[in-house]
There are 2 protein chains.
Amino acid sequence: MPNSVPDISDAEFSVLDVLWQHNPASANDIVEKLNEIKPWHEKTVKTLLNRLVKKQAISYEKQQRSYLYSPLIERESYVVKQSKTLVDKLFRGHLSPLVASFAQQSKLKKDDIAALKSIISDWEKEQQDD
Amino acid sequence: MPNSVPDISDAEFSVLDVLWQHNPASANDIVEKLNEIKPWHEKTVKTLLNRLVKKQAISYEKQQRSYLYSPLIERESYVVKQSKTLVDKLFRGHLSPLVASFAQQSKLKKDDIAALKSIISDWEKEQQDD
DNA sequence: AAGTTATAATTACACTTGTAATCGTAATGT
DNA sequence: ACATTACGATTACAAGTGTAATTATAACTT
């Protein structure tokens, strides 16, 4: 069975996101990195780490006195799951209305357009191959 | 100040989504409609309606003994806010990686592709106009 | 008018989340 | 060896959520 991704709260996600960037990492490494962004108390971060361990989202390995943490789930899996959940909920599974919404909000940049074109042409290429 | 959209839980969203489809509606109308999808007790739905009223997401109008509820926030506003939140969180504000992810998961249908092309050509047209 | 009933309002209660503080213990300094 | 400290583990506690049950009240029935 592929990747069953547990529910992860917003605060927990921020911790995970640091771990995805570099791992394994000690609690202190994570606290330091996080503090560039979030003014969270060390104790808070440790709580979040514990909860992530309980949820089996991360693992640790004892190293002397402290632990080295690593992600157990991949960012990709999480991203795919969350994206699908949102698109299903808001657009009944269809992606294009989301893109249209961004377009209407002028949230599309030339980079995005170029990327979209490339995605489309790849998609069309693959259609032929089948 | 434009639409300040309150935080809305998943269960509350389901109720709101029924109201967006047809309003105004009585609590019973909503319960009935919702029960096509969710096996929720009438009491549960009433609780959710109350919470939505408190959050100022919906309003009501007394009609004889019961109330008629209507949305106070537009679905569009909610959708825009949630979409932006997700894209900011997962893709640092860039939409195209989300589309790429869907493409990779084979979640793009011909309809989506056609819609995307149209969005792109509109976008390009507008660039000229400026 | 009194009893019954349909509604809304209030209360309940366990679980999750944000945000730590405190406790126990193993390592470190002196 | 003993005191201090640096960790992780346990506990805390209010707000939000899911999921109703109970209570108050206004309307309908007889």
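These numbers were taken from a predicted model, which means no experiment stands behind them. Just so it is clear: chains get the letters A, B, ... in the order the sequence lines come, proteins before strands, and each one is counted from 1.
Residues from residues 79-89 of chain B lying near DNA chain C, meaning a heavy-atom separation below 4.0 Å, are absent. The stretch residues 35-43 of chain A comes close to DNA chain C through A/Trp40, A/His41, A/Lys43, each having a heavy atom under 4.0 Å from the strand.
For the pair A/Lys89 and B/Asp10, the salt-bridge criterion is met [side-chain N within less than 4.0 Å of a carboxylate O]. By the 4.0 Å N-to-carboxylate-O rule, B/Lys117 lies too far from B/Asp112 to be salt-bridged with it. Looking at B/Asp88 and A/Lys107, no side-chain N of the basic residue comes within less than 4.0 Å of a carboxylate O on the acidic one, giving no salt bridge. Between A/Lys110 and B/Glu124, none of the side-chain N atoms (NZ, or NE/NH1/NH2) sits under 4.0 Å from a carboxylate O, so this pair counts as no salt bridge.
Note: CD1 (B/Ile30) to P (C/dT7) measures 13 Å, nearest angstrom. Distance CG (A/Leu49) to C1' (C/dT19): 14 Å, rounded to an integer number of Å. A straight line from CZ of A/Phe13 to C1' of C/dT16 spans 19 Å, rounded to a whole angstrom. Following rounding to the nearest Å, B/Lys62 (NZ) and C/dA8 (P) show an atom-to-atom distance of 10 Å. Rounded to an integer number of Å, the gap from A/Leu52 CG to C/dT19 C1' is 15 Å. Between the NZ atom of A/Lys54 and the P atom of C/dC15 there is a distance of 13 Å, given to the nearest Å. To the nearest angstrom, C1' of C/dA8 lies 15 Å from CG of B/Leu48.
Contact between A/Asn35 and A/Trp40 at its shortest, heavy atoms only, is OD1-O, 3.2 Å. Here the closest heavy-atom approach between residue B/Lys55 and residue B/Pro6 is recorded as O-CG, 3.6 Å. Nearest heavy-atom pair across B/Leu19 and B/Pro71 is O-CG, 4.0 Å.
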Please enumerate all protein N or O atoms sitting under 3.5 Å from an N or O of nucleotides 1-6 of chain C, with distances to 0.1 Å.
unit_1 : atom_1 : unit_2  : atom_2 : d
C/dA6  : O4'    : B/Arg65 : NH1    : 3.2

Nucleotides 14-17 of chain D: which of its N/O atoms have a protein N/O under 3.5 Å away?
unit_1 : atom_1 : unit_2  : atom_2 : d
D/dT17 : OP2    : B/Lys55 : NZ     : 3.1

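Contact annotation: the side chain of B/Tyr69 never approaches that of B/Val15 to less than 4.5 Å [non-hydrogen atoms, C-beta and beyond]. Side-chain atoms of A/Val79 and B/Phe91, non-hydrogen and from C-beta on, do get closer than 4.5 Å to each other. Residues A/Val18 and A/Asn23 form no side-chain contact, since every pair of their non-hydrogen atoms from C-beta on lies 4.5 Å or further apart. Here the side chains of B/Leu98 and B/Leu90 are not in contact, with every heavy-atom distance at 4.5 Å or above. At a threshold of 4.5 Å between non-hydrogen side-chain atoms, the residues B/Gln105 and A/Lys84 do not count as touching.
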Q: Show your working on side-chain hydrogen bond (donor to acceptor under 3.5 Å, both in side chains) between B/Ser26 and B/Asp29 and close with a plain yes or no.
A: CA-CA 5 Å; B/Ser26 70; B/Asp29 291 345; 3.3 Å; yes
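Closest to the side chain of A/Asn50, out of C/dA8, D/dT10, D/dT19, is D/dT10.
A donor-acceptor pair is defined here as one N or O able to donate and one able to accept, closer than 3.5 Å; no such pair exists between the side chain of B/Arg75 and the backbone of B/Leu16.
Contacts of A/Thr44 with the nucleic acid, taken as non-hydrogen atoms under 4.0 Å apart, include base atoms. Within 4.0 Å (heavy atoms only), B/Thr47 reaches at least one base atom of the nucleic acid.
The number of heavy-atom neighbours closer than 6.0 Å to CD of B/Gln21, taken from other residues, nucleotides and ligands shown, is above 12.
Contact annotation: A/Tyr67 reaches the phosphate of D/dA9 (side-chain N/O to OP1 or OP2, under 4.0 Å).
From one end of the helix from C/dA1-D/dT30 to C/dT30-D/dA1 to the other, with five pairs defining each end axis, the axis direction shifts by 20° (rounded to 10°).
Remark: B/Tyr67 engages B/Tyr60 in a ring-ring contact (aromatic ring centres under 6.0 Å, His included) (not counting sequence neighbours).
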